[in-house]
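What follows is a short report on a single structure.
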Amino acid sequence: MNFTRRDTLILAAAASALSLCGVVTAQAAEGDVVDVAKLMAPAGDIPDKVQGNPDAPVTVIEYASPTCPHCAQFHNEVYEPFKAAYVDTGKVKFILRPFVRNVLDAAIFMLAEAAGPEQYNNVLATYFRTQNNWGTSATPRDAILDIAKQLGFTQESFDTALTNQALFTGMEAQRDQALDEFGMTGTPTFYVNGKTLSGAKTLEQLAAEIDPLVPADFVAPAATTEQPAAGAMAPATDTMAPANTMAPANTMAPATDSMAPAPAQQ
């Protein structure tokens, strides 16, 4: 797909991001193991945003889409207790990777990248929390822009973020690798030391996979406190409503006809 300036600024004004249909791909079954070396060499030249102990005994990689209701469910309900139990304790190195299903997904990941590493996760968390607002809007571009302004963007920085062709091309390559090499069938998909876990997971389900991989004599490294850089964008306010409508699990989808769809898989 050729991601033009016009595409980024229109952002499918008449489309509903949550009115999506499925994508048929080569399928990997729940529990299949993907080569860890391949997983840790993502396509697209997009640096991973690693959270937690870089030497953790367990690596959890999530492929997520901002327009995916089950990704929002995980990040709104499960992520914080998961982070407290495993990432903050040094047991898990967590990596969230973009899986771009449509132009809206691309736009939100572009905004997160433009916000910088200190605010990357906050931008994504904000759009997951507000998915039901911008995702079902008749004018999603305007709704995404309104939230971006609360995160510190201006009209100019918003427009600039959404014209990063190299980043968009990289996200396409990363998506295609996940489909073609890892056999992904839906978002979210997690890889726990290479083991495939498809669909939204509870903390208990993740714990059942992670706990046996943590050595009994594991000692957490000394905690460090990360401080946002000066001038970092402000977090979103509490006035934004959380998403509360969930779609059927384990589906991926292109945008509707008024949005540029992902290219068909060969």
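Numbers for residues simply follow the sequence, beginning at 1.
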Value rounded to 0.5 Å, distance of OH in Tyr63 from OG1 in Thr187 | 12.5 Å
First locate atom CG of Leu197, then atom CD of Glu62, and finally report the distance between them rounded to the nearest 0.5 Å.
-> 11.0 Å
Closest non-hydrogen contact found for Ala43 with Gln177 is N-OE1, 2.9 Å
Identify the two heavy atoms, one from Phe82 and one from Leu203, that lie closest to each other, and give their separation to 0.1 Å.
-> CA-CD1, 3.6 Å
Ignoring hydrogens and angles, tell me if any N or O in the side chain of Gln119 forms a donor-acceptor pair with the backbone of Gly116 under 3.5 Å.
-> no
Kindly indicate whether the side chain of Glu113, heavy atoms from C-beta on, has any atom under 4.5 Å from the side chain of Ile46.
-> yes
Partner set under ring pair (Phe, Tyr, Trp, His ring centres under 6.0 Å) for Phe109, not counting sequence neighbours | none
Donor-acceptor contacts under 3.5 Å from residues 207-221 side chains, at least two apart:
unit_1 : atom_1 : unit_2 : atom_2 : d
Glu209 : OE1    : Lys195 : NZ     : 2.9
Asp211 : OD1    : Tyr86  : OH     : 2.6
Asp211 : OD2    : Tyr86  : OH     : 3.4

When you measure from the side chain of Ser137 to the backbone N and O of Asn133, does any donor-acceptor pair fall under 3.5 Å?
-> no
Can you list the residues that meet the side chain to side chain donor-acceptor pair (under 3.5 Å) rule with Lys93, with sequence neighbours excluded?
-> none
Shortest non-hydrogen contact between Gln73 and Ala200, atoms and distance | OE1-CB, 3.9 Å
Just by distance, with hydrogens left out, do Asp159 and Gln155 show a side-chain donor and acceptor under 3.5 Å apart?
-> yes
Has the side chain of Ser157 got a donor or acceptor atom that lies under 3.5 Å from a matching backbone atom of Phe153?
-> no
Which heavy atom of Trp134 sits nearest a heavy atom of Thr130, and at what distance?
-> CD1-O, 3.0 Å
Rounded to the nearest 0.5 Å, how far does OG of Ser65 lie from CG of Leu104?
-> 11.0 Å
Separation of Asp146 CG from Arg141 CZ (nearest 0.5 Å) = 9.5 Å
Contacts of Tyr120 meeting ring pair (Phe, Tyr, Trp, His ring centres under 6.0 Å) (sequence neighbours excluded), chain-then-number -> none
When rounded to the nearest 0.5 angstrom, what distance separates CD1 in Ile144 from CD1 in Ile108?
-> 4.5 Å
Is the shortest distance from a Lys or Arg side-chain nitrogen in Lys201 or Glu30 to a carboxylate oxygen in the other one below 4.0 Å?
-> yes
In this structure, OG1 of Thr67 is separated from CZ of Phe99 (nearest 0.5 Å) by 10.0 Å
Closest heavy-atom contact between Ala64 and Phe128?
-> CB-CZ, 4.3 Å
What is the minimum heavy-atom distance between Leu162 and Ala107, and which atoms define it?
-> CD2-O, 3.5 Å
What about Phe190 and Phe74, are their ring centers closer than 6.0 Å?
-> yes
Is Val33 reachable from Ile61 through a run of hydrophobic residues whose side-chain heavy atoms are each under 4.5 Å from the next?
-> no
Under the 3.5 angstrom rule, does the side chain of Asn193 hit a backbone N or O of Pro57 as a donor-acceptor pair?
-> yes
With distance as the sole criterion, is a donor-acceptor pair present between the side chains of Gln131 and His75 under 3.5 Å?
-> no
Considering only distance and modelled atom types, tabulate donor-acceptor pairs under 3.5 Å from the side chains of residues 34-42, sequence neighbours left out.
unit_1 : atom_1 : unit_2 : atom_2 : d
Asp35  : OD1    : Ala37  : N      : 2.9
Asp35  : OD1    : Lys38  : N      : 3.0

With sequence neighbours left out, write down each residue that passes side chain to side chain donor-acceptor pair (under 3.5 Å) with Asp48, or none if nothing qualifies.
-> Arg97
